[in-house]
Amino acid sequence: MATTQPLPAAPRRADFPDGFRWGCATSAYQIEGGVDADGRGESIWDRFCLASGRIRDGSSGAIACDHYHRWREDLDLARGLGLNAYRFSIAWPRVFPSGRGPAANAAGLDFYSRLVDGLLERGIEPWPTLYHWDLPQALQDRGGWHSRETVEAFADYAACVGRVLGDRVRNFTTHNEPWCSAFLGHREGSHAPGLQGWQTALQACHHILLSHGRAVEALRAEAGGARAGIALSLHPCRPATDSVADALAVERHDGLRNRWFLDPLFGRGYPADTWQRFGCNVPIVLEGDLATIAASTDFLGINYYFPERIAAAPGEDPLGVKVVEDAAVERTATGWEVEPDGLVELLDRVRRDYAPAEIYLTENGSCYEDTVEPDGSIADGERRRYLQRHLSAVRESIVRGVPLKGYFAWSLLDNFEWAEGYTRRFGLTHVDFATQQRTLKESGHWYREFLRPTTHD
Ligand code: IFM
């Protein structure tokens, strides 16, 4: 549906606090390619993509944006945009090809060391994420996130990265969107490793959260002065109708979508109402686990894309809910609802209920079809408007007192969109995957102008 909402007054960079981090985000498997380079091991996504029917266009991240070889050009793009921060992820299988030591793969670590140096040389603060879904396949073969061994392997990996990069990196994010790793990967099976079971998913989820706490300890021990956080995908949840049944369904859905992560991370343990619904599928939680998960962090990362409309659906699954679509609302090409006000509402709620010291919007972005004009320029007015409207919402949240300290647009480049392959574009930069040519889109030009120092007053 076309945009009918009037644009709010255009946000200006000068309206944001000094020191605000302005970034773009990417992830290793989605952009790097170079899957056999310099001793990298196999990841669960390499394996997952091999099976037919998993990825919409039958593709994989084997080449992706070839960022592994073109990273200098990409960092120049980031500098050209005027970013002061860049969020990327480290591929665990480059560092430990089979998941664990004893020795790390020096060539793999060197890549990230060079990347960090390249960012700093360009005046851009590096924001690495340790896990954006690419588990070493060797660990999956021993049980993956369902096994507690993976928690310890992750802590060792975090310690190693902290030791090597900690002299230059201040802000580490442990996990990106654990809901997706756990539930798309182990319940729906639409993401690697492609498993389908509630107990498997809930146990994997617990181990992922536990590994976050263990990684925070490891990072602090190995990288003096390191700050640590986690990036959650959070969603405002709305009832599909004004019935009592749908209002109760919202509570149940929110229990898994949002509170299942926020509650334990903020020291409350798993939400009792949701736990009770899972019956015999609840995860095994050992003594001390919840204290480890609740390790105090320096920031909370929030990835915001869309709100969800929820209806009661008795018998549907342990939660008795379903996500429904309202045909009347504006959507992106992925069908995700466009609602900047949902961001304001979400941030208000997180501040009120959990009071994190600092929040970063670690991802926000949109998928639309790009139009390649005859002169080669890329028209993506819808993405530009999406960005503009969400930055206005960010500004409003700051005025309302939310301790929001930075914004990372998803994404710097079009890339491999997981099960959707290359059929979905989220970049501020268009990538021609046949030639690897990068072209800044209209949205990227807008972001660059917005960030330009001369537009401050
Ligand atoms: O591409 C993904 C990213 O890997 C995680 N957050 C959502 C993005 C868009 O789907």
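All ligand and atom numbering here is 1-based and tracks the order in the structure.
Qualifying side chain to side chain donor-acceptor pair (under 3.5 Å) partners for T332, counting only residues two or more places apart in sequence or in other chains: T334. Scored by the side chain to side chain contact (heavy atoms under 4.5 Å, CB included) test, D57 finds I55, S59, Y422, T423 as partners (sequence neighbours excluded). Under the rule for a ring pair (Phe, Tyr, Trp, His ring centres under 6.0 Å), Y447 has no partner lying at least two apart in sequence or in another chain.
At a 4.0 Å heavy-atom cut-off, the residues surrounding ligand 1 are Q30, H132, W133, N176, E177, Y305, W336, E363, W410, E417, W418, F426, listed by chain and number.
Annotation for R40 and P97: closest pair C-CB, 4.4 Å, computed over non-hydrogen atoms.
The closest side-chain donor-acceptor pair between T26 and Y86 falls under 3.5 angstrom. Between Y68 and D38, the side chains place a donor N or O and an acceptor N or O closer than 3.5 Å (distance only, hydrogens not considered).
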